[in-house]
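Below, chains carry the letters A, B, ... as their sequence lines are ordered, and counting in each starts from 1. All figures in this text were calculated on a predicted structure; none of them were measured in a lab.
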Number of protein chains: 2
Amino acid sequence: MTEIENITIGSVLKRMRKSLKYSQEELAFKSGLDRTYISMLERNVKQPTITTIFLLSDAMNMKPSEFVQLLEVEFEGYIIKRTTI
Amino acid sequence: MTEIENITIGSVLKRMRKSLKYSQEELAFKSGLDRTYISMLERNVKQPTITTIFLLSDAMNMKPSEFVQLLEVEFEGYIIKRTTI
DNA sequence: CTGTGACTAATAGTCCGTT
DNA sequence: GAACGGACTATTAGTCACA
């Protein structure tokens with residue numbers, strides 16, 4: 001049982017982006033997001049909203065649910081610890 | 001082509017919660033989120049982060065990707081309009 | 001091409017309550 | 001049971017200059 005505070009998308013995003021051979025800049029352009037923000041997401045500095053997930057998924061020609069499914073695999077069995085509980 | 005600014009989860013969340021016969025308060029407790037925040041999500045006042053999606057999905061015994069798939073259906077063909085582009 | 005710090009504006013999310 | 005409000009704090013959105 002591993003406790004985490006947030007779901008982050010860094011490794012999944014980076015893997016998918018690289019598999020498409022996109023630079024962060026290209027992905028930024030296609031998604032309409034800022035390049036440095038993409039960088040932060042990949043370094044797990046920021047945690048995206050669901051809208052951002054949709055934008056990124058669309059830009060990478062995949063369904064948001066497919067993207068989220070990759071996150072599920074990564075965080076399988078993890079417990080999200082709410083500090084405010 | 002319908003343009004929207006954000007992905008909101010109100011109708012999907014409300015439908016899933018009701019199908020489980022949970023009150024907003026029960027769902028709040030199970031997910032570790034605030035009752036009034038659940039209310040705002042259902043009224044599309046607020047837009048959740050991916051972590052919140054995971055928390056809500058877990059509380060409703062479904063996979064986050066399943067939840068997102070329901071959102072996909074709802075927002076099929078919609079264009080997310082970034083005001084900052 | 002990417003990481004990073006600094007920054008402001010906006011939103012996420014909580015907690016008190018009333019209708 | 002749920003909508004709604006205000007006030008509040010924490011975190012994200014989004015951009016910039018620079019390494």
Show the numbers, then the answer: is there a side-chain hydrogen bond (donor to acceptor under 3.5 Å, both in side chains) between B:Glu66 and B:Ser57? CA-CA 8 Å; B:Glu66 289 170 354; B:Ser57 302; over 6 Å; no
Might you work through the side chain to side chain contact (heavy atoms under 4.5 Å, CB included) test for A:Arg43 and A:Ile38, ending with a clear yes or no? CA-CA 9 Å; A:Arg43 285 177 287 130; A:Ile38 305 277; over 6 Å; no
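By the rule that hydrophobic residues join a cluster once side-chain heavy atoms approach within less than 4.5 Å of another member, B:Leu20 and B:Phe54 end up as members of one cluster.
If you measure from atom CD of A:Gln47 to atom C1' of C:dG13, you get 11 Å, rounded to the nearest angstrom. Here the P atom of nucleotide C:dC15 and the CG atom of B:Asp34 are 6 Å apart, to the nearest Å. Going from atom CZ of A:Phe29 over to atom P of C:dC1 covers 14 Å, rounded to whole Å. When the P atom of D:dG14 is taken as reference, atom CD1 of B:Ile80 falls 11 Å away, rounded to whole Å. Rounded to whole Å, the distance from CG on B:Leu13 to P on C:dG13 is 13 Å. Distance CG (B:Leu33) to P (D:dT9): 20 Å, rounded to an integer number of Å. If you measure from atom CD of A:Glu5 to atom C1' of D:dT12, you get 15 Å, rounded to the nearest angstrom.
Counting only distance, with no hydrogens or angles, the side chain of B:Glu3 and the backbone of B:Tyr78 share no donor-acceptor pair below 3.5 Å. Formation of a donor-acceptor pair under 3.5 Å by the A:Thr51 side chain with backbone atoms of B:Ile7 is found in this model. Proximity of a side-chain donor or acceptor of A:Asn44 to a complementary backbone N or O of A:Thr8 within less than 3.5 Å is not detected.
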Pick out the pairs of N or O atoms, protein on one side and nucleotides 2-7 of chain C on the other, that lie under 3.5 Å.
unit_1: C:dT2; atom_1: OP1; unit_2: A:Arg17; atom_2: NH1; d: 3.0
unit_1: C:dT2; atom_1: OP2; unit_2: A:Gln24; atom_2: N; d: 2.5
unit_1: C:dG3; atom_1: OP2; unit_2: A:Gln24; atom_2: OE1; d: 3.4
unit_1: C:dG3; atom_1: OP2; unit_2: A:Gln24; atom_2: NE2; d: 2.6
unit_1: C:dG3; atom_1: OP2; unit_2: A:Ser39; atom_2: OG; d: 2.8
unit_1: C:dG3; atom_1: O6; unit_2: A:Arg35; atom_2: NH2; d: 2.8
unit_1: C:dT4; atom_1: OP2; unit_2: A:Arg43; atom_2: NH1; d: 3.1

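Looking at B:Thr49 and B:Thr52, their side chains do bring a donor and an acceptor atom within 3.5 Å of each other.
Counting non-hydrogen atoms of other residues, nucleotides and ligands closer than 6.0 Å to CD of B:Glu25 gives a total of 12 or fewer.
DNA chain D lies under 4.0 Å from no heavy atom of any residue of residues 48-60 of chain B.
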